[in-house]
Amino acid sequence: MPPLILVVGGAGYIGSHTALALRDAGLRTLVLDDFSTGFRGALLGGDCVEVDLLDAPRLRAALATHRPAAVVHFAARCYVGESVRDPGAYYRNNVVGTLHLLEAMVASGVANIVFSSTCATYGEPDRVPIEETCPQRPINPYGNTKLACEYLLHDFGTAHGIRSIALRYFNAAGADPQARLGEDHRPETHLIPLALAAAAGRRPPLQVFGADYPTPDGTCIRDYIHVADLADAHVLAVQSLLAGTGGCRAFNLGNGSGASVAEVIAAVARVTGRPVPHRIVARRPGDPPRLVGSTAKITRELGWRPRRSALDQIVADAWAWHERHPDGYAQ
Ligand code: UDP
């Protein structure tokens, strides 16, 4: 029987796309989710157990029962602004939840984990493209909690032989190319879904957070990566761990190229054939002008290459999902 992969947070955006990719790669999956922000409709019929990471006894029982070959851990809160207002919720969910998961893994002899980290652990980098060796100095509680989890992985590796890969995501975007899965956050705060909804007339004009940044067109530059390419990277990371590669590794996961907010708006207009109503407002606190990742390391060590990196492709796949599911997943 193929190895079983436990996908923690597999009802969420990146988790659901990864669970599908793992199954497409011939692995078995079991999603573990508390459905606080994920959707049952995103499981696409895959197996699931409903467990809250903060419920340590039930989590430990789930690991002991299923004894997966590896864990892929997505479950976390991920909004910078919310983390500033309510850091306790972020430390509890992200750090305590990950601690419980690692302790349950140790108790059941599960040694392999792929962890969702973030470019927010770099804070405001001195240089772009950002390499993995760049100092990690987060500038908000969300980034602090993810960096704390990376420390946990390192220390559990040393003490208990946990083998880990942290994937530091840049800006996840797009949707399953067959539009079976897509992006549905409530509330939605991300640029591409908001720009699509504005173009479709389903939301008010997009607010552009600042046009006075030191960038060529004055708007912020980010490294948008297709969620299907992200999912592929998780499959490679799992396969690397299952092949027995040890240690505590970290890789950037972006496209290595940047697009400005103005460029994203132009892409949305091209793809949808509609103008994107928008207006320029004040900067959003905590937004660095330019975040672009170097992906040389993951290409070199895991053989990952993005297959859908063009911005118009990312936007087109997101638009196909939006058109097919204008209200997102059914509740
Ligand atoms: N952004 C914007 N208006 C919005 C949402 C986002 O101008 O309504 C900008 C934001 O300032 C950033 C970029 O779009 O420069 C991407 O933001 P998003 O929230 O999608 O991802 P983040 O970079 O915060 O992870």
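Fair warning: this is a prediction, and the values are worked out from it, not measured in the lab. Read the numbers this way: they start at 1 and go in the same order the structure lists the ligands and their atoms.
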*Top protein contact for atom 9 (C) of ligand 1, by heavy-atom distance*: Val261 CG2, 3.8 Å
*Can you name the closest pair of heavy atoms from Pro141 and Ser83 and give their distance?*
CG-O, 3.2 Å
*Nearest heavy atoms of Lys146 and Ala76, plus distance in Å*: NZ-CB, 3.5 Å
*Just wondering, more than 12 heavy atoms not from Arg60 lying within 6.0 Å of its CZ?*
no
*Nearest atoms (heavy-atom pairs only) where Ala175 meets Trp321*: CB-CB, 3.7 Å
*asked:* Cys220 versus ligand 1: do any nitrogen or oxygen atoms come within less than 3.5 Å of each other?
replied: no
*asked:* I'd like to check which ligand 1 atoms, numbered from 1 as shown, lie under 4.0 Å from a non-hydrogen atom of Val208.
replied: 7 (O)
*asked:* Give me the nearest non-hydrogen protein atom to atom 11 (O) of ligand 1 as residue plus atom name, then the distance to 0.1 Å.
replied: Asp287 OD2, 2.5 Å
*Nearest non-hydrogen atom to atom 4 (C) of ligand 1 belongs to which of Tyr224, Tyr79, Tyr213, Phe209?*
Phe209
*Could you pull out, from Gln207, Arg284, His190, the option with a heavy atom nearest to atom 24 (O) of ligand 1?*
Arg284
*How close do Leu241 and Ile113 get, heavy atom to heavy atom, and via which atoms?*
CD1-O, 3.6 Å
*Does NZ or CZ of Arg290 lie under 6.0 Å from the centre of the six-membered ring of Tyr213, at an angle within 45° of the ring axis?*
no
*Winner among Ile221, Asn171, Asp223 once heavy atoms are compared against atom 22 (P) of ligand 1*: Asn171
*Heavy-atom contacts with Leu194 under 4.0 Å: which atoms of ligand 1 show up? List them by number with element.*
8 (O)
*Under 4.0 Å from a heavy atom of Leu206: give me the atoms of ligand 1 that qualify, with their elements.*
8 (O)
*Nearest heavy-atom pair of Tyr224 and Ala259: which atoms, and what distance?*
CE1-O, 3.7 Å
*Numbered atoms and elements of ligand 1 in range of Thr189, under 4.0 angstrom, heavy atoms*: 5 (C), 19 (O)
*Looking only at protein heavy atoms, which one is nearest to atom 20 (O) of ligand 1, and how far off is it?*
Leu191 N, 2.8 Å
*Contact summary for Pro125 and Val128, nearest pair of heavy atoms*: CG-CG1, 4.3 Å
